[in-house]
Amino acid sequence: MKITLSVMMACLLIGGGALAWQVYAVPLELATDTKEAKPAVIVEASDGTLIGLRGELRGTPALREDLPDHLVNAVIAIEDRRFFDHRGIDIRGVGRAAWRNFRANGVVEGGSSITQQLAKIEFLSSERTMKRKVDEALVALRLEARLSKDDILTRYLNNVYFGGGAVGIGAAALAYFDKPVSELTLAESAMLAGIIRAPSRANALHNLEEAQARANVVLGAMVDTGLLTQQEALAAQNAPATPNTNAPSRAGGSWFADWILSDASTLGGPGLGSVRAKTTLRPEWQALAERIIAEKFAETPGGAAMEVALVAMTHDGAVVAMVGGRDYATSQYNRAVQARRQPGSTFKLFVYLAALRQGWQLGDVLNDTPIEIGDWRPENYDGAYSGDVRLDDAFARSLNAATVRLAQDVGIEAVIKAAKDLGIDADLDPNISLSLGTSGVGLLDLTGAFASVAAGRTPIQPWAISSLAPTTGSGGLLAALPQQASQPLDHQADLIALLEGVVRNGTGRHAALDGFAAGKTGTSQENRDALFVGFTEQLVVGVWVGNDDDTPMPGVTGGDLPARIWQAFMAEATGLAPMNLGALRPMEAVDAPSVVSPTPVVRAAPSRRVNDAVGKGRAKKAKGRGKAKGKKR
């Protein structure tokens with residue numbers, strides 16, 4: 001008997017010693033610092049409205065003195081009522097949870113203490129195994145042996161996930177209420193405490209009703225534990241918390257935000273951490289673009305099957321509105337940026353620039369008669385021909401046969417060079433049919449090329465980030481985008497005259513405004529793509545309409561629906577407050593993060609109206625080369 005007792009005592013001592021060693025041997029250092037997270041990028045519109053978030057948003061770690069008492073009480077009441085009474089493992093809490101789970105025949109309550117949750121968050125996996133639970137208990141005991149209760153609670157709140165991309169209480173206060181932790185109200189604290197248990201289901205940004213219901217449960221728990229009076233709880237329930245509409249996570253997805261976020265995380269250099277990217281987007285112009293598109297499609301028979309894209313920018317390339325489709329919730333594919341579609345006759349801009357560079361004048365005469373190049377017979381859209389026609393008239397009426405002859409005369413390589421000079425970076429097929437827009441081009445780049453004409457400088461590269469700053473610290477500006485490198489554009493006045501003629505007496509009459517308007521229609525073969533791209537003295541806008549599966553749109557041309565969308569948008573946008581371009585300038589990029597001042601960008605004067613140039617008429621003999629198929633307008 002004595003031997004048996006001795007053996008048992010020895011086993012207990014050995015087991016207890018092994019347990020004590022395991023507790024002591026747990027590498028606490030792994031749990032004492034906040035976990036490294038992927039830096040967040042917060043995207044703001046030009047007025048500071050927050051429109052996008054990517055990554056884990058982490059604010060500056062809160063100190064214990066930053067945490068309001070009602071926040072601490074709310075978390076303790078709902079997550080670990082006996083937090084200040086146990087030493088890391090709440091045996092009573094585990095037993096209570098086990099009994100309730102047994103009666104419910106499922107998991108309805110967790111038994112982990114706040115200390116155990118911190119242990120799991122810091123450096124344990126989330127796998128549900130017995131080994132992980134044992135490790136969690138050991139780490140919790142170690143934490144309790146080394147840290148004070150206030151330290152454990154503060155570390156827990158700085159690392160727990162609150163949904164919506166927010167990790168830690170500082171980020172949660174910013175993401176949901178756009179305020180520091182110290183300014184949280186009782187109702188807001190109760191809501192955040194309620195989110196911890198179910199950060200997806202109780203996310204106030206996506207399920208406000210559930211989040212407010214959870215907040216009421218927290219308030220009730222605070223009353224039950226004596227941490228709040230019934231009157232205080234009732235007052236908070238009668239004035240429930242509501243997330244700030246300007247909070248980062250509040251912003252729904254958008255094509256513009258996705259475009260920015262695809263590059264913004266790499267802009268500041270390594271070690272930058274979470275940043276705020278202020279952009280050129282104008283919320284009122286964005287809302288206007290979306291509304292106009294919806295209205296015009298509603299007026300168009302059969303338009304429900306078609307997709308759309310719109311890009312609006314200032315003359316210096318600052319993108320102020322972007323629509324990548326009919327419905328972002330249905331499709332996040334950005335047709336304004338990602339799609340490469342045939343531009344049709346909008347591409348003729350580059351043909352005529354190449355001609356002007358070789359000495360052609362607006363009053364010179366082109367031959368618009370049937371033309372045959374191999375087995376290709378490019379026709380005018382209406383099947384009619386005009387014989388001898390002035391160059392500016394051929395452009396305004398978008399005459400294909402005359403344009404092909406002009407492209408033959410100047411050479412397709414000169415046309416490609418003109419397109420590249422104005423900022424088109426797509427692969428262009430050096431075939432004579434390119435003159436009618438047969439190579440795929442992105443709407444963003446195409447609109448930027450027209451901005452080059454409006455600005456009188458080339459190339460104008462579309463841009464959208466005007467400043468980049470850390471979410472914490474001094475808030476100084478960091479380098480963002482390269483400065484625009486541009487040269488004066490030759491023949492700007494003649495190009496503007498050509499484009500203005502399209503709107504005044506050509507294929508773009510539906511785009512006419514009370515004031516100045518210049519642009520070009522485009523319709524690809526079998527009406528698969530329809531475009532209108534043009535500018536006023538304030539904005540440059542490109543509109544594309546088509547089907548994702550490239551099926552034809554009978555009767556839809558660039559001079560119809562796209563031009564009407566363009567006209568309606570421009571007519572209302574012109575009445576809104578002009579852009580403050582002095583506050584929206586791309587900044588010079590640097591190799592490492594540093595505080596800099598914005599680099600000035602050359603601003604172009606508003607586009608000026610010009611009279612049609614009257615040149616001496618001269619017939620040009622066309623030289624044919626190349627072969628392709630299609631009929632463009």
Side-chain angles (χ1 to χ4, degrees), residues 341-420 422 424 426 428-441 446 449 494-495 498-499 501-502 506-508 520-531 557-559 617-633:
R341 303 294 294 243
Q342 291 189 6
S345 291
T346 57
F347 199 85
K348 290 175 181 175
L349 173 70
F350 312 117
V351 177
Y352 284 71
L353 173 56
L356 292 170
R357 286 176 168 178
Q358 294 188 18
W360 283 80
Q361 298 180 25
L362 303 190
D364 289 344
V365 175
L366 290 171
N367 180 245
D368 183 55
T369 56
I371 182 173
E372 183 174 330
I373 304 173
D375 59 359
W376 184 46
R377 297 172 180 80
E379 300 176 358
N380 291 332
Y381 186 79
D382 58 5
Y385 297 89
S386 300
D388 288 345
V389 61
R390 282 172 51 114
L391 184 143
D392 52 2
D393 190 36
F395 186 84
R397 295 164 57 193
S398 204
L399 300 178
N400 290 334
T403 299
V404 170
R405 284 191 170 91
L406 183 63
Q408 286 181 313
D409 184 86
V410 302
I412 204 64
E413 293 299 335
V415 174
I416 292 175
K417 183 179 187 306
K420 298 293 185 182
L422 266 65
I424 299 297
L428 302 176
D429 184 9
N431 191 295
I432 193 63
S433 66
L434 176 66
S435 60
L436 302 186
T438 55
S439 287
V441 174
L446 187 62
D494 284 343
L495 290 174
L498 289 172
L499 294 167
V502 172
T507 58
K520 186 69 186 77
T521 58
T523 309
S524 68
Q525 183 181 7
E526 297 182 355
N527 303 78
R528 298 176 188 276
D529 303 273
L531 301 93
T557 66
R618 56 189 176 96
K620 290 284 184 176
K621 184 178 180 181
K623 296 181 293 182
R625 68 185 180 98
K627 180 172 66 175
K629 297 179 180 180
K631 181 170 73 172
K632 313 285 175 178
R633 182 182 184 183

* To do: Answer whether the closest heavy-atom distance between the side chains of Leu366 and Asp368 falls below 4.5 Å.
  => no
* Is there a donor-acceptor pair under 3.5 Å between the side chain of Ser524 and the backbone N or O of Gly344? -> no
* To do: Could you walk me through whether Lys420 and Leu428 pass the side-chain contact (heavy atoms from CB on, under 4.5 Å) test, one step at a time?
  => CA-CA 9 Å; Lys420 298 293 185 182; Leu428 302 176; 4.3 Å; yes
* Structure fact -> Heavy-atom closest pair (Val415 atom, Phe350 atom, distance to 0.1 Å) is O-CB, 3.9 Å
* Output the distance between atom CD1 (Ile424) and atom OG (Ser439), rounded to the nearest 0.5 Å. => 11.0 Å
* Evaluate the side-chain proximity of Asn431 to Trp376: yes if any heavy-atom separation is below 4.5 Å, no if none is. => no
* Passing option when Thr521 is tested against Thr507, Thr346, Thr557 for side chain to side chain donor-acceptor pair (under 3.5 Å) -> Thr507
* To do: Let me see the working for Lys348 and Leu436 under side-chain contact (heavy atoms from CB on, under 4.5 Å), right down to the final yes or no.
  => CA-CA 6 Å; Lys348 290 175 181 175; Leu436 302 186; 3.7 Å; yes
* Minimal non-hydrogen separation, Val410 against Gln358, with atom names -> O-NE2, 2.9 Å
* Any donor-acceptor pair under 3.5 Å linking the side chain of Arg528 with the backbone of Arg341? -> no
* **Taking every non-hydrogen atom, the tightest pair across Arg405 and Asn367** => NH1-O, 3.1 Å
* Report the C-alpha distance between Leu434 and Val351 in whole Å, list the side-chain angles of each, state the deciding distance to 0.1 Å, and finish with yes or no for side-chain contact (heavy atoms from CB on, under 4.5 Å). => CA-CA 9 Å; Leu434 176 66; Val351 177; over 6 Å; no
* **Close side-chain approach of Leu349 and Leu422, heavy atoms under 4.5 Å** => yes
* To do: Flag the pair Tyr381 / Ser398 as yes when at least one side-chain heavy-atom distance between them is below 4.5 Å, and no otherwise.
  => no
* Where the side chain of Asn380 meets the backbone of Ala401, is there a donor-acceptor pair that is under 3.5 Å apart? -> yes
* Asked: Of all heavy-atom pairs between Arg390 and Asp392, which one has the smallest distance, and what is that distance?
  -> NH2-OD2, 2.7 Å
* Asked: Can you tell if the side chain of Asp393 reaches within under 4.5 Å of the side chain of Leu399, non-hydrogen atoms only?
  -> no
* Does any non-hydrogen side-chain atom of Phe395 lie less than 4.5 Å from one of Lys520? -> yes
* Answer whether the closest heavy-atom distance between the side chains of Thr403 and Tyr352 falls below 4.5 Å. => yes
* Asp364 and Gly359: which non-hydrogen atoms are nearest, and at how many Å? -> OD2-O, 4.2 Å
* To do: Decide yes or no on side-chain contact (heavy atoms from CB on, under 4.5 Å) for Leu495 and Leu356, but give the supporting numbers first.
  => CA-CA 9 Å; Leu495 290 174; Leu356 292 170; 3.8 Å; yes
* Asked: Can you name the closest pair of heavy atoms from Tyr385 and Gly383 and give their distance?
  -> CE1-O, 3.6 Å
